[in-house]
There are 2 protein chains.
Amino acid sequence: MKNKILEHRKGKGFTQDALAKKCNVSRQTINAIENDRYDPTLQLAFKIARVLNTTVDNVFKP
Amino acid sequence: MKNKILEHRKGKGFTQDALAKKCNVSRQTINAIENDRYDPTLQLAFKIARVLNTTVDNVFKP
DNA sequence: TGTTTATGTCAAAAGTTTTTTACATTTAGC
DNA sequence: GCTAAATGTAAAAAACTTTTGACATAAACA
């Protein structure tokens, strides 16, 4: 699953750690997802999208 | 996680079984998700949305 | 260079989803 | 009311994912 987390994250000036904290997950989780090591749960996908001020469909592409 | 699978599914005239087959999962999986017993993987969420001709953000709400 | 901050990666644990088999209940049409 | 189709549910196992702590590497920059 491709994603545009990096793009949106940088756009907001967030570090992985900052984004992680806002999503209440570990930095490694954000890193792993950002680098396509695995897909987030649907819940976390929504959380990430919300924190990045966008939609799930916008951040992730199958 | 709330969802509008039933609504969209009926709109297309699909049974749970039909939707399941189109998504390559078991009928019980669709049934369980439709009835909020658990959330699908992000992959499956996208598949369901695609089969129902809509978006993940449209079908699911945190 | 040395220090700090940011990112990358592992292995294992923890947790979740999915499948299967089976049966119960409901709904729709005849 | 009967029948067939559709839906609901359960338990257990299999498959898969996510998370975490720990450590490694890289980047920034004074």
Side-chain angles (χ1 to χ4, degrees):
Chain A
M1 178 90 56
K2 279 171 190 161
N3 75 80
K4 293 179 183 160
I5 295 177
L6 175 65
E7 184 178 328
H8 284 97
R9 180 170 66 77
K10 292 286 186 187
K12 294 228 159 280
F14 294 162
T15 63
Q16 291 183 345
D17 195 46
L19 176 57
K21 271 162 183 150
K22 285 170 192 293
C23 294
N24 302 307
V25 293
S26 69
R27 179 183 61 78
Q28 290 87 333
T29 293
I30 294 297
N31 180 280
I33 295 167
E34 191 172 299
N35 289 294
D36 280 335
R37 227 181 337 286
Y38 55 73
D39 295 333
T41 57
L42 191 53
Q43 280 281 356
L44 182 50
F46 270 98
K47 190 118 197 197
I48 290 170
R50 188 160 62 70
V51 169
L52 294 177
N53 251 294
T54 181
T55 64
V56 169
D57 291 278
N58 232 298
V59 180
F60 300 93
K61 300 283 177 198
Chain B
M1 176 91 57
K2 281 173 189 159
N3 74 80
K4 294 180 183 159
I5 294 178
L6 174 65
E7 185 178 328
H8 283 96
R9 180 170 66 75
K10 293 284 185 189
K12 294 228 157 280
F14 294 162
T15 63
Q16 291 184 345
D17 195 48
L19 176 57
K21 272 163 182 148
K22 286 171 192 293
C23 294
N24 301 307
V25 294
S26 70
R27 177 182 64 78
Q28 288 87 336
T29 293
I30 294 299
N31 181 280
I33 294 166
E34 190 171 300
N35 290 294
D36 281 335
R37 230 184 328 291
Y38 54 75
D39 294 334
T41 57
L42 190 54
Q43 279 282 356
L44 182 50
F46 269 99
K47 189 120 199 196
I48 290 170
R50 189 160 59 72
V51 168
L52 294 177
N53 250 293
T54 181
T55 63
V56 169
D57 290 279
N58 233 299
V59 179
F60 300 93
K61 298 284 176 199

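So that the names make sense, note that chain A is the first sequence line, chain B the second, and so on, each numbered from 1.
Mapping A:R37 and B:P40 onto DNA chain C by nearest heavy atom places A:R37 at the nucleotide closer to the 5' end. Mapped onto DNA chain D by nearest heavy atom, A:A32 and B:R9 fall at different nucleotides, with B:R9 at the one closer to the 5' end. Mapping A:T41 and A:T15 onto DNA chain C by nearest heavy atom places A:T15 closer to the 5' end of the strand.
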Query raised in the report: With the sugar-phosphate defined as primed atoms, P, OP1 and OP2, and the base as all remaining atoms, what B/S/- string results for nucleotides 20-30 of chain C, 5' to 3', for protein heavy atoms under 4.0 Å?
Result: BBB--------

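Between the side chain of A:N35 and the backbone N or O of A:N31 there is at least one donor-acceptor pair closer than 3.5 Å. Side-chain atoms of B:K61 come within 3.5 Å of backbone atoms of B:D57 as a donor-acceptor pair (strictly under, hydrogens ignored). Panel note: side chain B:N3, backbone B:F60; no donor-acceptor pair is recorded below 3.5 Å.
Separating the CD atom of B:Q16 from the P atom of C:dT19 is a distance of 14 Å, rounded to the nearest angstrom. In this structure, the CG atom of B:D36 is 16 Å from the C1' atom of C:dT16, given to the nearest Å. Atom CG in A:L42 sits roughly 10 Å away from atom P in C:dT18 (whole-Å rounding). Separating the OH atom of A:Y38 from the C1' atom of C:dA14 is a distance of 12 Å, rounded to the nearest angstrom. Computed from coordinates, the A:L6 CG to C:dT7 P distance equals 9 Å when rounded to whole Å. Here the C1' atom of nucleotide D:dA27 and the CG atom of A:D17 are 16 Å apart, to the nearest Å. Summarising the geometry, the separation between CD1 on B:I30 and C1' on C:dT18 is reported as 11 Å, rounded to the nearest angstrom. Residue B:E34 contributes atom CD, which lies 14 Å from atom P of D:dA6 at whole-angstrom precision.
Nearest heavy atom pair, residue A:K47 against residue A:K22, reads CE-O, 3.9 Å. Looking at every heavy atom in both residues, A:Q16 comes nearest to A:R9 through N-NH1, 3.3 Å.
Counting any heavy atom pair closer than 4.0 Å across all strands shown, B:N24 reaches sugar-phosphate atoms only and no base atom. Looking at heavy-atom distances under 4.0 Å, B:K47 makes no contact with the nucleic acid at all.
A close approach under 4.0 Å does not occur between any side-chain nitrogen or oxygen of B:K10 and OP1 or OP2 of D:dA6. Between A:N31 and C:dT7 there is no side-chain N or O to OP1 or OP2 distance below 4.0 Å.
Put simply, the side chain of B:I48 reaches to within 4.5 Å of the side chain of B:I5, judged on heavy atoms.
A distance of 7.5 Å separates OG1 of B:T29 from CG of B:L44, quoted to the nearest 0.5 Å.
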